[in-house]
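Only one structure is covered here, and it is reproduced in the block below.
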Amino acid sequence: MGQGGDSHNAGAGDPILTLAVEQDTVPWYKKRNLRYLYLMLVPTCMGIEITSGWDSGMINAVQIVPAWKTYFGHPAGALQGILAAMYSLGAICSLPIVPIVNDKLGRRWAIFIGSWIMIFGAILQGASNGVGMYLAARWFLGFGIPMCIVAASSLLGELGYPKERPILTSLFNASYFVGAILAAGITFGTQKISGDWSWRIPSLLQMAPSLFQVSLIL
């Protein structure tokens, strides 16, 4: 009887959805509804971590650009630290309102609002006329990113088909490194440009993933 009870409990612990997914042998690209879903979902959500990775790669690489160092007075010590940390400080400031926006307005509006904040921050960063404006730009970039990350990760988990859900969430996290590598490579290349555009170009390009998001999310 003990064995029968154990067997029953083990069977009861297997979700019906898991069994249905195991029996589904048709790949996602052969299903019209999933093709359309991922065509909209992947560009909308994956770009968020690319933006985060872009900032990390760019703020490190830009510090070797001669024009950037000259423009901002060769920052060192505490100033150099706060230039990099302001992104994280902006993110910390937004944390109290992130759950409110996600719960009250929904995932899509949270991504839409957060993306526009980051677009504004990227424009401000690329147009900076001094340290103060640059710091403010990085604060806005950091303020917008948690709103998008929380909403996008939830959206992938909620809308992704269970069979592809682990892949989607893994790609979401891994896309951070795509952004970091692209930003480092582009910033390294643009340092050969004479003048301020050597650092303004990668700063402005940081808004590219967010532009995709606001174009597709609604």
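This is a predicted model, so every value here is computed, not measured.
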Aromatic plane relationship, Phe72 with Trp68 - under 30° parallel, 30 to 60° tilted, over 60° perpendicular: tilted
Any non-hydrogen side-chain atom of Gln125 less than 4.5 Å from a side-chain atom of Arg200? no
>> Is the shortest side-chain heavy-atom distance between Ile186 and Trp54 below 4.5 Å?
In response: yes
Original post:
Would you say the side chain of Leu37 lies within less than 4.5 Å of the side chain of Trp28, judging by non-hydrogen atoms?
Top reply: no
Rounded to the nearest 0.5 Å, the CE atom of Met147 sits from the CH2 atom of Trp109 at a distance of 13.0 Å
*asked:* Is there a path of hydrophobic side-chain contacts, each under 4.5 Å between heavy atoms, that joins Leu211 and Val42?
replied: yes
- Item | Greater than 12 external heavy atoms within 6.0 Å of Tyr38's OH | yes
Are the side chain of Gln63 and the backbone N or O of Ile59 linked by a donor-acceptor pair below 3.5 Å? yes
Looking only at heavy atoms, the pair that brings Thr51 and Gln206 closest together is O-NE2, 3.9 Å
Can you tell if the side chain of Leu171 reaches within under 4.5 Å of the side chain of Met46, non-hydrogen atoms only?
yes
Output for pair (Ile64 CD1, Phe188 CZ), nearest 0.5 Å, gives 6.0 Å
Closest non-hydrogen atoms of Ala127 and Met133, given as atom of the first, atom of the second and distance, are O-CE, 3.5 Å
Separation between CG (Asp55) and CE (Met86), nearest 0.5 Å, reads 12.5 Å
message: Checking Tyr176 against Ser56 for the side chain to side chain donor-acceptor pair (under 3.5 Å) test, could you report, in this order, the C-alpha distance in whole Å, the side-chain angles of both residues, the deciding distance, and whether it holds?
response: CA-CA 9 Å; Tyr176 173 94; Ser56 178; 3.1 Å; yes
Looking only at heavy atoms, the pair that brings Phe140 and Ile117 closest together is O-CG2, 3.3 Å
* To do: Consider only side-chain heavy atoms of I, L, V, M, F, W and Y, link residues closer than 4.5 Å, and tell whether Tyr71 and Trp197 are in one cluster.
  => yes
Heavy-atom closest pair (Arg108 atom, Ile217 atom, distance to 0.1 Å) is CD-O, 3.2 Å
Using the ring centroid of each side chain, check whether Phe143 and Trp139 are separated by less than 6.0 Å. yes
query: Under 4.5 Å between side-chain heavy atoms, hopping through other hydrophobics if needed: is there a path connecting Val178 to Ile167?
result: yes
Indicate whether any N or O donor in one side chain lies under 3.5 Å from an N or O acceptor in the other, for Ser115 and Gln213.
-> yes
side-chain contact (heavy atoms from CB on, under 4.5 Å) with Glu49: of Ser175, Pro209, Cys148, only one passes, and it is Ser175
Rounded to the nearest 0.5 angstrom, the OG-CZ distance for Ser203 and Arg138 is 8.5 Å
Check: Same cluster for Ile97 and Leu141 if Ile/Leu/Val/Met/Phe/Trp/Tyr side chains link at under 4.5 Å?
Finding: yes
>> Within the 4.5 Å heavy-atom criterion, are Leu168 and Tyr161 side-chain neighbours or not?
In response: no
Backbone of Ile48 reached by a side-chain donor or acceptor of Ser52 within 3.5 Å
no
Looking only at heavy atoms, the pair that brings Pro202 and Ser198 closest together is CD-O, 3.5 Å
Could you check whether the rings of Tyr134 and Trp199 sit parallel, tilted or perpendicular, using 30° and 60° as the cut-offs?
-> perpendicular
Requested in this report: Keeping the roles fixed (side chain from Arg165, backbone from Gly160), state whether a donor-acceptor pair exists under 3.5 Å.
Outcome: yes
Check the hydrophobic clustering (I, L, V, M, F, W, Y; side-chain heavy atoms under 4.5 Å; chains of links allowed) and say if Val62 and Leu79 are grouped together.
yes
Keeping Thr70 on the side-chain end and Ala67 on the backbone end, is there a donor-acceptor pair under 3.5 Å? no
Checklist entry - Does some side-chain heavy atom of Leu89 sit less than 4.5 Å from a side-chain heavy atom of Ile82? => result yes
One should read off an interatomic distance between Ile149 CD1 and Phe172 CZ, to the nearest 0.5 angstrom, of 6.0 Å
The reported gap from CD in Glu164 to CG in Leu41 (rounded to nearest 0.5 angstrom) is 11.0 Å
* Asked: Looking at side-chain heavy atoms only, is the closest gap between Trp116 and Phe120 below 4.5 Å?
  -> no
What one should report as the nearest heavy-atom pair of Lys69 and Pro75 is O-CD, 4.0 Å
